[in-house]
Amino acid sequence: MTIYNIMWYFFIYAFLGWCTEVSFFAVKTGKFVNRGFLNGPVCPVYGFGLVIIIMALTPLKDNLLLLFVGSVVITSSLEFVTGWALEKIFHTRWWDYTNNKFNLCGYICLGFSIIWGLAATAVMKIIQPLIETAVGVIPARSYRYGCGNTRNLRQNRREHLRQGANYQGTGG
């Protein structure tokens, strides 16, 4: 797995996590609620969580029980640390499970830990193979243009022109 794959997975899952959060709260409240602490359609905790799960649990993906237990441990740990850190940094709780049974400081609870474990297991078994295939068809050469800054784009264009390539890219 390359750094580019990891970046793609992060942004795809951060976006899908945001969609999940917005959909859940739209059904729950009957109105659109932009979830997360960033502007834009991303919830980084989902991107980080699933990248960690992919990297740590891919060797266990054929053992459903270990995959589920590992998913519960990773997602619960990440949710606890993230909830605690966000509250300490911003003095606000983005979620609160205090009223749920079997909660730990209101940051995590057994019910949602099981839900996150099942969701992460489903992602690993069903969604990740599709995402991996989709990311796999992105030409490696495109990373030079899609992930570079403007200076890199100019350097790449000059390099291609020096080599006689017919470069039709964008950028400065």
Side-chain angles (χ1 to χ4, degrees), residues 1-29 32-90 92-97 100 104 106-149:
M1 182 177 344
T2 68
I3 188 70
Y4 298 111
N5 294 76
I6 292 168
M7 287 172 33
W8 275 110
Y9 298 155
F10 172 82
F11 285 111
I12 289 168
Y13 288 118
F15 173 71
L16 292 175
W18 178 84
C19 292
T20 302
E21 287 276 333
V22 168
S23 299
F24 177 78
F25 278 90
V27 168
K28 186 176 176 180
T29 65
F32 175 83
V33 179
N34 186 14
R35 298 292 296 167
F37 70 99
L38 297 176
N39 291 325
V42 291
C43 282
V45 70
Y46 288 93
F48 285 119
L50 283 158
V51 165
I52 292 167
I53 286 170
I54 292 165
M55 293 176 76
L57 300 182
T58 294
L60 305 176
K61 70 181 177 184
D62 293 327
N63 185 326
L64 205 53
L65 180 61
L66 287 178
L67 180 60
F68 171 73
V69 170
S71 294
V72 168
V73 169
I74 290 171
T75 57
S76 297
S77 300
L78 182 64
E79 187 173 32
F80 186 88
V81 169
T82 303
W84 176 84
L86 287 172
E87 185 175 10
K88 295 303 175 202
I89 294 167
F90 298 106
T92 302
R93 280 196 178 219
W94 267 260
W95 60 89
D96 189 356
Y97 298 127
N100 295 51
L104 184 59
Y107 299 122
I108 60 173
C109 70
L110 181 60
F112 272 94
S113 292
I114 291 170
I115 290 169
W116 296 135
L118 290 170
T121 300
V123 165
M124 288 293 289
K125 298 299 278 180
I126 300 165
I127 298 171
Q128 177 55 19
L130 300 172
I131 300 285
E132 187 174 349
T133 300
V135 168
V137 300
I138 299 170
R141 187 173 180 200
S142 69
Y143 295 136
R144 278 204 309 197
Y145 307 113
C147 299
N149 60 31

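Throughout, numbering of the chain's residues begins at 1 and tracks the sequence. Heavy-atom basis, side chains included; hydrogens, waters and symmetry copies ignored.
- Of the inter-residue distances, the one linking Tyr4 atom OH with Ile6 atom CD1 reads 11.5 Å to the nearest 0.5 angstrom.
- Residues Ala56 and Pro59 approach most closely at O-CD, 3.6 Å, considering heavy atoms.
- Phe25 is linked by a ring-ring contact (aromatic ring centres under 6.0 Å, His included) to nothing, counting only residues two or more places apart in sequence or in another chain.
- Atom CG in Leu16 sits 13.5 Å away from atom CZ in Phe11 (nearest 0.5 Å).
- Partners of Phe68 by ring-ring contact (aromatic ring centres under 6.0 Å, His included), not counting sequence neighbours: none found.
- Taking every heavy atom of both residues into account, Gly70 and Leu57 meet most closely at C-CD1, 3.6 Å.
- Glu79 is not listed as a side-chain neighbour of Val45, based on a closest heavy-atom distance of 4.5 Å or more.
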Which side-chain N or O atoms in residues 129-136 pair as donor and acceptor under 3.5 Å with protein atoms at least two apart or in another chain?
| residue | atom | partner | partner atom | Å |
| --- | --- | --- | --- | --- |
| Thr133 | OG1 | Pro129 | O | 2.9 |

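- In plain terms, the two heavy atoms of Thr75 and Val72 that are nearest each other are OG1-O, 3.4 Å.
- Within a 6.0 Å sphere centred on CE of Met55, heavy atoms belonging to other residues, nucleotides or ligands number 12 at most.
- Atoms CH2 and CG, from Trp116 and Leu78 in turn, are 11.0 Å apart once rounded to the nearest 0.5 Å.
- Rounding to the nearest 0.5 angstrom, the gap separating the CG atom in Asn100 from the CD1 atom in Ile108 is 11.5 Å.
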Cut-off 3.5 Å, no hydrogens considered: what does the side-chain donor-acceptor table look like for residues 118-128, sequence neighbours left out?
| residue | atom | partner | partner atom | Å |
| --- | --- | --- | --- | --- |
| Thr121 | OG1 | Gly117 | O | 2.7 |
| Lys125 | NZ | Lys61 | O | 2.9 |
| Gln128 | OE1 | Tyr13 | OH | 2.6 |

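- Remark: Asn63 engages no residue in a side chain to side chain donor-acceptor pair (under 3.5 Å) (not counting sequence neighbours).
- Phe90 and Trp94 have perpendicular rings, their planes meeting at more than 60° on a 0 to 90° scale where under 30° would count as parallel.
- Checked against salt bridge (charged side-chain N to carboxylate O under 4.0 Å, His left out), Glu21 has the following partners two or more places apart in sequence or in another chain: Arg35.
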Could you please spell out the steps behind the side-chain contact (heavy atoms from CB on, under 4.5 Å) verdict for Thr58 and Met1?
-> CA-CA 11 Å; Thr58 294; Met1 182 177 344; 5.5 Å; no
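- Checking each of Leu67, Ile74, Val69 against Ser71 for a side chain to side chain contact (heavy atoms under 4.5 Å, CB included) leaves exactly one that passes, namely Leu67.
- Rounding to the nearest 0.5 angstrom, the gap separating the SG atom in Cys109 from the CZ atom in Phe80 is 13.0 Å.
- A donor-acceptor distance shorter than 3.5 angstrom exists from the side chain of Trp95 to the backbone of Tyr107, with no hydrogens or angles considered.
- Put simply, OH on Tyr97 and CG on Leu110 are 12.0 Å apart, with the number rounded to the nearest 0.5 Å.
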